[in-house]
Amino acid sequence: MGAGRPGFLWAAPAAVFFGLFAIVPLIMVAVLSFASWDGLSDPEFAGLDNWRTLLDDPVMIKSLWLSVLLTVLGVVVQTPLSILLGVWAAGHQRNRAVLSAIYFVPLLLSIAAVSVLWRAVLDPNLGVPAHATWLFGDGNLFGTQATAIGVLVFVSTWQFTPLHTLIYQGAARAVPPVLYQAAQIDGAGRARQFFHITLPQLRNSIITSVILMVVGGLTTFDTVLILTQGGPGSDTTISAYYMYQKAFKSFDYGAASAIALLLVLVSTVISLIVVRLSGYDKMRSTMEGL
């Protein structure tokens with residue numbers, strides 16, 4: 001067998017799986033977005049009615065902005081934290097392996113379990129805020145939009161930062177040691193080595209991590225459902241949660257499908273913009289960042 005790229009047959013099982021569980025459902029959602037369906041009777045073609053209704057719905061517009069806000073906050077908070085922890089975990093410090101293992105525990109828990117855990121910890125009646133009013137005021141962190149959004153960002157950061165840390169840890173270990181040796185000879189300290197060697201070498205990983213954060217942020221659902229239920233009022237009703245309300249509370253599956261398709265389109269467009277602006281699509285090197 002000659003050397004070279006594997007044939008298509010190697011990718012066939014994954015392609016079939018992706019087609020059945022991603023492409024086919026996506027096509028069905030796209031069709032339903034142009035139909036009126038309550039989940040029981042037969043779907044009826046509704047043209048662009050669902051889309052017109054959503055564009056005129058103030059809650060829908062607000063949910064999109066909230067989704068973007070949570071996504072941006074997640075990227076801004078998690079990216080620098082993940083990079084610093086990942087680079088540290090790639091080193092050879094004493095007890096590094098033990099501390100890294102403990103830190104990665106949240107990654108092993110489900111989103112639902114993490115949300116239930118923090119809902120109990122932050123409960124305004126029985127949780128920590130109720131016994132530390134000097135720090136949390138009235139203790140109800142879910143009572144205002146600002147604090148509720150802060151809780152959502154904090155919980156997401158606590159759970160998903162280990163995933164992105166793992167990405168940066170592997171990438172940092174792939175940086176050729178000769179680069180650091182040359183920098184030391186030239187008199188560069190650790191700070192200069194980090195900003196002039198480590199960060200540029202992590203470029204591909206940063207782009208990959210940001211894309212994962214964007215897609216994950218725009219499709220966040222479990223955390224909002226368990227922690228805030230979209231409240232107070234509709235102040236944390238992001239698009240994914242609004243889709244759930246439309247489908248399983250209002251039984252308007254046509255509108256819910258339109259929201260789902262819109263989220264797919266927005267996530268795809270943002271990901272493509274990140275890839276194009278970063279120049280990631282033009283990189284051909286097999287070495288990280290080169």
Side-chain angles (χ1 to χ4, degrees), residues 25-26 28-39 46-78 111-112 114-116 118-119 122 140-157 159-160 210-274:
L26 182 60
M28 295 175 64
V29 167
V31 172
L32 281 177
S33 68
F34 298 97
S36 176
W37 187 42
D38 60 6
L48 297 176
D49 289 350
N50 291 325
W51 294 93
R52 294 193 189 97
T53 301
L54 290 178
L55 291 177
D56 293 334
D57 187 350
V59 177
M60 180 61 206
I61 303 300
K62 181 180 180 180
S63 72
L64 280 176
W65 282 112
L66 286 173
S67 296
V68 173
L69 175 62
L70 285 175
T71 301
V72 171
L73 290 175
V75 171
V76 170
V77 174
Q78 293 183 44
I111 299 177
V114 169
S115 300
V116 170
W118 283 106
R119 178 69 194 188
L122 299 177
N140 186 10
L141 297 179
F142 304 100
T144 64
Q145 183 181 40
T147 54
I149 290 177
V151 169
L152 293 175
V153 173
F154 168 77
V155 173
S156 296
T157 300
Q159 180 171 24
F160 293 113
V210 168
I211 291 175
L212 290 175
M213 289 182 188
V214 168
V215 175
L218 291 176
T219 57
T220 297
F221 168 73
D222 313 57
T223 308
V224 174
L225 175 66
I226 297 174
L227 285 176
T228 66
Q229 293 84 44
S234 60
D235 286 343
T236 58
T237 300
I238 60 176
S239 298
Y241 184 74
Y242 193 48
M243 175 185 66
Y244 159 79
Q245 289 182 317
K246 283 289 186 180
F248 299 105
K249 291 188 176 182
S250 301
F251 299 101
D252 189 352
Y253 289 92
S257 298
I259 297 174
L261 187 59
L262 182 62
L263 285 175
V264 171
L265 294 175
V266 171
S267 300
T268 302
V269 169
I270 293 179
S271 299
L272 291 175
I273 291 174
V274 171

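By convention here, the first residue in the shown sequence is residue 1. Predicted model, so just to flag it, every value in this text is computed and none were measured.
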Side chains of [X] and [Y]: does their closest heavy-atom pair fall under 4.5 Å?
| X | Y | answer |
| --- | --- | --- |
| Val114 | Val155 | yes |
| Phe142 | Val151 | yes |
| Tyr244 | Leu225 | yes |
| Lys62 | Thr237 | no |
| Val68 | Ile270 | no |

(message) Quick one, Trp51 with Ser33, criterion side-chain contact (heavy atoms from CB on, under 4.5 Å). Give me CA distance, side-chain angles, the key distance, then yes/no.
(response) CA-CA 8 Å; Trp51 294 93; Ser33 68; 3.7 Å; yes
(message) Give me each pair satisfying side chain to side chain donor-acceptor pair (under 3.5 Å) with a member in residues 140-155, each pair once, sequence neighbours excluded.
(response) Thr144-Thr147
Separation of [Y] [atom2] from [X] [atom1] (nearest 0.5 Å):
| X | Y | atom1 | atom2 | result |
| --- | --- | --- | --- | --- |
| Phe34 | Asn50 | CZ | CG | 9.0 Å |
| Leu227 | Leu122 | CG | CG | 7.5 Å |
| Ser267 | Ile211 | OG | CD1 | 11.5 Å |
| Ile61 | Leu55 | CD1 | CG | 6.0 Å |
| Leu218 | Met213 | CG | CE | 13.0 Å |
| Leu66 | Ser234 | CG | OG | 8.0 Å |

State which residues pass side-chain hydrogen bond (donor to acceptor under 3.5 Å, both in side chains) with [X]; sequence neighbours excluded, sorted by chain then number.
| X | answer |
| --- | --- |
| Tyr242 | Asp57 |
| Thr268 | none |
| Thr71 | none |
| Ser156 | none |

(message) Keeping Tyr241 on the side-chain end and Gln229 on the backbone end, is there a donor-acceptor pair under 3.5 Å?
(response) yes
(request) Run the numbers on Leu70 and Leu152 for side-chain contact (heavy atoms from CB on, under 4.5 Å), then give the verdict. (result) CA-CA 8 Å; Leu70 285 175; Leu152 293 175; 4.1 Å; yes
Who are the side-chain contact (heavy atoms from CB on, under 4.5 Å) partners of [X], not counting sequence neighbours?
| X | value |
| --- | --- |
| Ala35 | Pro43 |
| Leu69 | Leu73, Ile149 |
| Pro232 | Ala148, Asp235 |
| Ile111 | Ser115, Gln159, Phe160, Asp222, Thr223 |

(message) Before you tell me yes or no, could you show the steps for Met60 and Leu262 under side-chain contact (heavy atoms from CB on, under 4.5 Å), namely the whole-Å CA-CA distance, both residues' side-chain angles and the distance that decides it to 0.1 Å?
(response) CA-CA 11 Å; Met60 180 61 206; Leu262 182 62; 3.7 Å; yes
Which donor-acceptor pairs under 3.5 Å do the side chains of residues 246-261 make with protein atoms, sequence neighbours left out?
| from | atom 1 | to | atom 2 | distance (Å) |
| --- | --- | --- | --- | --- |
| Asp252 | OD1 | Ala255 | N | 3.3 |
| Ser257 | OG | Tyr253 | O | 2.7 |

(request) List the atom of Ile238, the atom of Ser67, and the distance in Å for their closest heavy-atom pair. (result) CB-OG, 3.4 Å
(message) Applying salt bridge (Lys or Arg N to Asp or Glu O under 4.0 Å) as the test, list every pair that has at least one member in residues 142-156; sequence neighbours left out.
(response) none
